[in-house]
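Letters go in sequence order (proteins before strands), and every chain restarts at 1.
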Amino acid sequence: MIVKELRELIRQALMEAAASGEIPSAGEVDFVLERPRHKAHGDWATNVAMVLASKAGRNPRDIADVLVRRLEESACAGKAGKEVATGGVAVLSAVEVAGPGFINFTLDRDRVLSELVRVAGEGEGYGRWDLGRGERVLVEFVSANPVGPLHVGHGRWAALGDALCKLLEAVGYEVGREFYLNDYGAQMEVFAASVEARYLELAGREVEFPAEGYHGSYIRDIARTLIEEDGGRLADATPEERRRELGERAYLLALAHIRESLDAFGVHFDTWFSERELHRSGAVKDEVAKLLQEGLAYSKEGAVWMATSRFGDDKDRVLVRSNGAPTYFASDIAYHLDKLARGYGHLINIWGADHHGYVRRMQAALEAKGYPGVLEVILGQLVNLKRGGEPVRMSKRTGEMVTFDELVSEVGRDAARYLFLTRSQDTTLDFDIQLAVEESMENPVYYVQYAHARICSILRYGLGRGMELSEEVPGPETLRLLGAEEEMDLALKIFEFEELVRDAALDRAPHRLTRYLEELAAAFHLFYNRHRVISDDADLTTARLFLVRCTLQVLRNGLSLLGVSAPESM
RNA sequence: GCGCCUGUAGCUCAAAGGAUAGAGCAACGGACUUCUAAUCCGUGGGUUGGAGGUUCGAGUCCUCCCAGGCGUGCCA
């Protein structure tokens with residue numbers, strides 16, 4: 001790939017120049033190679049001379065001059081017919097020193113074209129890496145409490161988690177997607193009691209709604225479904241039996257609903273891990289006992305505490321309450337150890353920012369167990385849902401909320417996924433439903449999808465005119481007909497994709513992908529408006545169809561990483 | 001009080017420590033007998049919350065201050 005090649009050329013020039021004493025040798029130099037913001041600064045630029053100069057106390061422009069001279073010889077086409085060192089193939093058409101000491105590269109057109117051929121050759125595989133070398137990573141996300149429908153915030157984690165998983169897969173990790181079910185503890189009982197109350201109400205009984213119960217209308221919906229299933233027979237059962245059975249059936253309904261919602265969103269989990277099972281199997285109890293044995297936990301004031309403060313936590317944390325009930329923290333330790341026991345070398349959890357106080361203790365616990373650094377927690381800021389500028393509450397307790405399902409059906413799956421991913425998870429997301437719907441024609445997702453559909457339309461048009469749209473790569477003479485500014489800009493934008501995928505994956509920043517796709521689409525739309533792809537000039541048409549097919553491929557690869565569809569027409 | 005996140009154009013947001021801080025929306029003016037005008041071109045719009053510091057170079061890193069969000073349970 002071009003970036004690698006340029007880096008290698010720079011390294012060579014550094015070595016040679018250092019060997020001849022023209023520049024100070026500084027061992028490994030950590031330099032930046034990037035696409036400059038301004039076109040006048042070439043196709044690529046590096047700060048290597050400035051880095052080296054500040055290390056050696058020399059003038060950066062002098063060092064840059066030396067390097068440029070060597071690069072010109074090794075990689076630049078320069079004057080026509082001049083031999084270049086890299087196997088006779090020129091990579092660059094120009095290398096210049098600029099500004100405070102930048103070295104700006106302009107790619108040789110033939111090199112651009114050969115890179116396009118590579119893009120086409122790699123097809124769906126373009127942008128994939130093998131950085132992970134198959135290491136197994138478990139990504140746990142959404143993990144909503146199964147006591148009601150998903151809310152809008154969960155949608156953000158679903159979109160983010162899934163995109164992150166796809167990115168990690170693209171760079172060579174083997175990824176497991178997991179949903180942790182908090183199907184144990186007090187909230188399940190509140191849920192059961194709430195459903196029970198509605199059930200009895202619907203059966204015509206006088207009941208007092210539990211003080212802390214969930215007021216959402218979905219509770220009544222669940223109760224209605226239950227009563228339709230069993231004809232209300234549980235109204236006369238013993239309270240214990242009724243509560244237990246209704247709770248269980250309500251849980252299964254809520255869970256089924258969550259699965260359906262995620263399914264409709266195109267997010268699929270490999271595993272649904274039940275907290276209850278951890279308790280049932282004794283894993284939680286056993287782990288607490290083990291921690292006591294290992295001296296990592298102790299008893300105090302009737303409770304069992306874990307000594308997390310020895311591993312970076314602010315204070316020690318309770319594992320077993322003085323009433324004998326294990327805390328959520330205890331089961332979470334057992335849970336995370338279970339993940340590791342299943343062969344995952346790295347754990348990623350996506351949590352809402354409201355859980356950030358929990359991160360350190362969890363990491364401390366794993367460090368105590370001999371797994372420092374295996375748990376990575378991605379904290380996502382919350383979603384502020386709005387409708388026409390007015391905030392919409394998302395409280396399960398008061399029941400006033402917009403569900404994830406409603407959002408998806410209003411805004412659409414692609415737009416919802418895309419919009420959730422346009423912003424870094426570090427920033428709270430204002431999601432205005434009304435705006436998303438009203439402006440759906442101006443939505444960035446349509447802008448990107450439109451580029452894809454437009455290309456498909458060009459290809460259809462070509463087919464209709466009896467054009468042969470083979471997958472074959474045009475010969476060099478034909479390809480050399482490409483060279484217009486918009487064509488080269490589009491090609492260069494295409495080439496950014498590989499590194500972008502890598503960076504987005506390693507930096508956990510799927511939002512960069514959305515931005516990139518918008519830039520790529522913009523480069524295409526501009527090209528489209530300036531040049532006809534299909535014209536009377538058969539060779540030029542062939543060449544442009546090739547460029548456009550490369551664009552199509554990258555749009556497709558990128559959208560697929562986001563989990564957004566690439567429509568053939570709109 | 002302490003901890004995490006955020007503060008950039010009227011609005012929503014981008015910018016692995018790089019050159020003249022960029023997009024979209026909103027406003028205004030242009031481009032369809034031509035492969036999809038859900039597009040393109042142009043114009044206006046900024047003391048990057050404030051003050052110091054680090055260095056060749058700071059929206060980005062450090063310190064302090066201001067503002068907002070979220071935490072800071074023997075809740076989950």
Taking [M] as the reference, what is the distance to [N] when you measure between their [atom1] atoms (whole Å, please)?
N	M	atom1	result
G44(B)	C62(B)	P	37 Å
A31(B)	C70(B)	C1'	49 Å
A21(B)	C13(B)	C1'	13 Å
A67(B)	G49(B)	P	16 Å
U55(B)	U60(B)	P	16 Å
G59(B)	G22(B)	C1'	12 Å
U8(B)	G46(B)	C1'	8 Å
C11(B)	C56(B)	P	38 Å

Respond yes when some side-chain nitrogen or oxygen of [X] is under 4.0 Å from OP1 or OP2 of [N], and no when none is.
X	N	value
R321(A)	A76(B)	yes
R37(A)	A19(B)	yes
R454(A)	A37(B)	yes
Y450(A)	C40(B)	no
K315(A)	G73(B)	yes
Y358(A)	C4(B)	no

L561(A) and L559(A): CA distance, side-chain angles, deciding distance, side-chain contact (heavy atoms from CB on, under 4.5 Å) verdict: CA-CA 5 Å; L561(A) 286 172; L559(A) 284 170; over 6 Å; no
Just need the stems in RNA chain B: three or more back-to-back Watson-Crick or G-U pairs, each with both distances under 3.5 angstrom, sorted by first number. B:1-7 with B:66-72, B:10-13 with B:22-25, B:27-31 with B:39-43, B:49-53 with B:61-65
Stacking of H355(A) on G71(B) base (centres under 5.5 Å, planes under 30°): no
What about the rings of F404(A) and H151(A), do their centers lie closer together than 6.0 Å? no
Please state whether the base of [N] and the side chain of [X] form at least one donor-acceptor pair under 3.5 Å?
X	N	answer
N47(A)	G18(B)	yes
N104(A)	A19(B)	yes
T327(A)	C74(B)	no

Of the listed nucleotides ([options]), which one gets closest to any side-chain atom of [X]?
X	options	answer
T428(A)	A37(B), G69(B), U12(B)	G69(B)
D354(A)	C41(B), C13(B), C70(B)	C70(B)
H511(A)	A15(B), U6(B), U39(B)	A15(B)
M50(A)	A16(B), G18(B), C40(B)	G18(B)
E301(A)	C74(B), G18(B), A19(B)	C74(B)
S424(A)	A14(B), G71(B), G18(B)	A14(B)
V32(A)	A16(B), U39(B), A76(B)	A16(B)
V318(A)	C70(B), C35(B), C74(B)	C74(B)
R317(A)	A38(B), G73(B), A76(B)	G73(B)
Y447(A)	C74(B), A14(B), C40(B)	C40(B)

What's the [atom1]-[atom2] distance between [X] and [N], to the nearest Å?
X	N	atom1	atom2	result
E189(A)	C75(B)	CD	P	14 Å
I534(A)	C35(B)	CD1	P	10 Å
D426(A)	C13(B)	CG	P	13 Å

R530(A): which of E487(A), E485(A), E486(A) passes salt bridge (Lys or Arg N to Asp or Glu O under 4.0 Å): E486(A)
Is it true that the side chains of S565(A) and D414(A) contain a donor and an acceptor less than 3.5 Å apart? yes
Give a yes-or-no answer on whether the side chains of N349(A) and H355(A) include a donor-acceptor pair shorter than 3.5 Å. no
Checking one value: the base orientation of C32(B), syn if chi is within 90 degrees of 0, otherwise anti. syn
Compute both the distance and the angle, then confirm whether R7(A) meets the cation-pi test with F31(A): under 6.0 Å from the six-membered ring centre, within 45 degrees of the axis. yes
Applying side-chain contact (heavy atoms from CB on, under 4.5 Å), run through R35(A) and L492(A) and close with a yes or a no. CA-CA 9 Å; R35(A) 298 230 35 216; L492(A) 289 169; 3.3 Å; yes
Interatomic distance, N443(A) atom CG to Y450(A) atom OH [nearest 0.5 angstrom]: 15.5 Å
